[in-house]
Amino acid sequence: MHASAAPPVGRLEVITGPMFSGKSEELMRRVRRARIAGVNALVISHSLDTRAELSAVTSHIGVNIPAIPVGNVSDLAAAAAAEDFDLIAIDEAQFFGPDLVPVVDDLLATGATVIVEGLCVTFDGAPFEPLPTFMALAEDVTKLTAVCTICGRDAVFHERIAAQPTGAATDIDASHVGGLDTYVARCREHFGQPAATSPGADGS
């Protein structure tokens with residue numbers, strides 16, 4: 001009697017941190033390396049992120065890589081099922097909300113490597129799901145820091161300097177999309193302080 005074949009084993013990698021910490025750049029670096037090695041990779045972005053071309057993942061410093069923009073987890077799952085992908089990279093995962101967790105579980109069950117990249121903290125300093133859940137479940141977690149625009153120390157937070165939106169910091173809408181004109185990186189000491197200098201952090 002022959003033993004049945006073992007089910008495929010996927011791998012979950014997480015890239016996270018505040019805004020301006022280089023998350024998207026790290027995601028693009030991994031995808032480019034994988035493609036050089038002949039890996040069939042799919043890059044997915046959220047259609048809510050309109051800071052640059054929709055069909056690309058773009059960092060705050062303008063580096064980009066082609067991507068498929070989708071607006072919800074159902075469309076994400078459909079895009080991933082269109083081909084036998086070895087690697088699925090998801091940019092700005094926080095925009096998909098907690099419903100992304102079971103979809104990623106299904107992708108991992110196919111044996112694919114899934115890279116989830118996004119914010120783990122809101123602009124008011126609270127955990128931003130689903131990244132904290134992914135961090136707990138992943139084989140590999142890379143948590144990056146930005147540069148505090150007041151003192152230059154490691155920044156694990158970002159905060160909004162434009163007018164505050166009316167909803168909660170976890171509400172997913174266009175108010176969460178912005179750059180150096182809307183948000184600044186802050187260390188723990190200076191988070192919540194009004195003083196600001198010219199932003200000098202690297203993009204993400």
Side-chain angles (χ1 to χ4, degrees), residues 2-49 55-60 63-122 127-146 154 156 172 202-204:
H2 295 289
S4 59
V9 178
R11 176 180 172 84
L12 176 59
E13 301 179 7
V14 172
I15 304 167
T16 192
M19 293 182 74
F20 316 116
S21 59
K23 301 182 303 299
S24 294
E25 291 172 47
E26 174 62 17
L27 178 73
M28 289 185 276
R29 185 189 71 83
R30 295 189 192 185
V31 170
R32 288 191 179 107
R33 284 178 59 88
R35 286 177 170 164
I36 289 171
V39 172
N40 187 19
L42 170 69
V43 182
I44 292 178
S45 62
H46 198 288
S47 56
L48 182 64
D49 189 352
S55 58
V57 170
T58 303
S59 76
H60 286 283
V63 180
N64 63 47
I65 193 170
I68 295 177
V70 299
N72 54 60
V73 293
S74 296
D75 290 345
L76 186 156
E83 251 183 78
D84 187 16
F85 292 105
D86 304 307
L87 172 66
I88 300 159
I90 303 170
D91 181 56
E92 300 288 5
Q94 75 279 354
F95 288 148
F96 292 100
D99 288 344
L100 181 60
V101 175
V103 172
V104 167
D105 282 342
D106 290 343
L107 296 176
L108 293 169
T110 69
T113 294
V114 180
I115 305 176
V116 175
E117 174 264 299
L119 298 173
C120 60
V121 63
T122 63
F128 203 163
E129 291 290 350
L131 268 300
T133 295
F134 285 131
M135 292 168 73
L137 300 175
E139 279 81 8
D140 178 79
V141 176
T142 299
K143 185 176 180 184
L144 303 171
T145 57
D154 285 346
V156 295
I172 302 302
D202 288 337
S204 77

Worked check of side chain to side chain contact (heavy atoms under 4.5 Å, CB included) between Ile90 and Phe134
CA-CA 12 Å; Ile90 303 170; Phe134 285 131; over 6 Å; no
Would Val121 and Val156 count as a side chain to side chain contact (heavy atoms under 4.5 Å, CB included) if you check the C-alpha gap in whole Å, the side-chain angles of each, and the deciding distance to 0.1 Å?
CA-CA 8 Å; Val121 63; Val156 295; over 6 Å; no
Side-chain heavy atoms of Leu131 within contact of Val116, under 4.5 Å:
yes
Min side-chain heavy-atom separation Val43-Arg35 under 4.5 Å
yes
Less than 4.0 angstrom from a charged side-chain N to a carboxylate O is my criterion; do Glu26 and Lys23 meet it?
no
Hey, can you pull the donor-acceptor pairs under 3.5 Å for the side chains in residues 7-19, sequence neighbours left out?
unit_1, atom_1, unit_2, atom_2, d
Arg11, NE, Glu13, OE2, 3.1
Glu13, OE1, Arg30, NH1, 2.9
Thr16, OG1, Gly118, O, 2.8
Thr16, OG1, Cys120, N, 3.2

Within this structure, what is the CZ-CG distance for the pair Phe95 and Leu48, rounded to the nearest 0.5 Å?
5.0 Å
Salt bridge (charged side-chain N to carboxylate O under 4.0 Å, His left out) pairs, two or more places apart, involving residues 98-115
none
Any non-hydrogen side-chain atom of Thr110 less than 4.5 Å from a side-chain atom of Phe85?
no
Among pairs that include at least one residue of residues 69-79, which meet side-chain hydrogen bond (donor to acceptor under 3.5 Å, both in side chains), considering only residues two or more places apart or in two chains?
Asn72-Asp75
Gap separating the OG atom of Ser21 from the NZ atom of Lys143, nearest 0.5 angstrom
10.0 Å
Looking only at atom types and distance, does a side-chain atom of Asn40 sit under 3.5 Å from a main-chain N or O of Asp86, one as donor and one as acceptor?
no
So which heavy atom on Gly71 is nearest to which on Ser47, and how close?
CA-OG, 3.3 Å
What distance do Ile115 atom CD1 and Leu87 atom CG have between them, rounded to the nearest 0.5 Å?
4.5 Å
Heavy-atom side-chain contact between Pro98 and Thr133 under 4.5 Å
no
dist Leu100:CG -> Leu107:CG (nearest 0.5 Å) comes out at 8.5 Å
In Å and rounded to the nearest 0.5 Å, what is the CZ to CD1 distance from Arg29 to Ile65?
12.0 Å
Counting C-beta onward and ignoring hydrogens, is there a side-chain heavy-atom pair between Thr113 and Asp140 closer than 4.5 Å?
no
Within the supplied structure, the quantity of interest is the number of heavy atoms (other residues, nucleotides, ligands) at a distance under 6.0 Å from Arg33 CZ; does it exceed 12?
no
Non-hydrogen side-chain atoms of Glu117 and Ser24 separated by less than 4.5 Å
yes
For Ala146 against Phe20, the heavy-atom pair lying closest together
CB-O, 3.4 Å
Hey, could you give me the CG/CD1 distance between Asp91 and Ile68, rounded to the nearest 0.5 Å?
13.0 Å
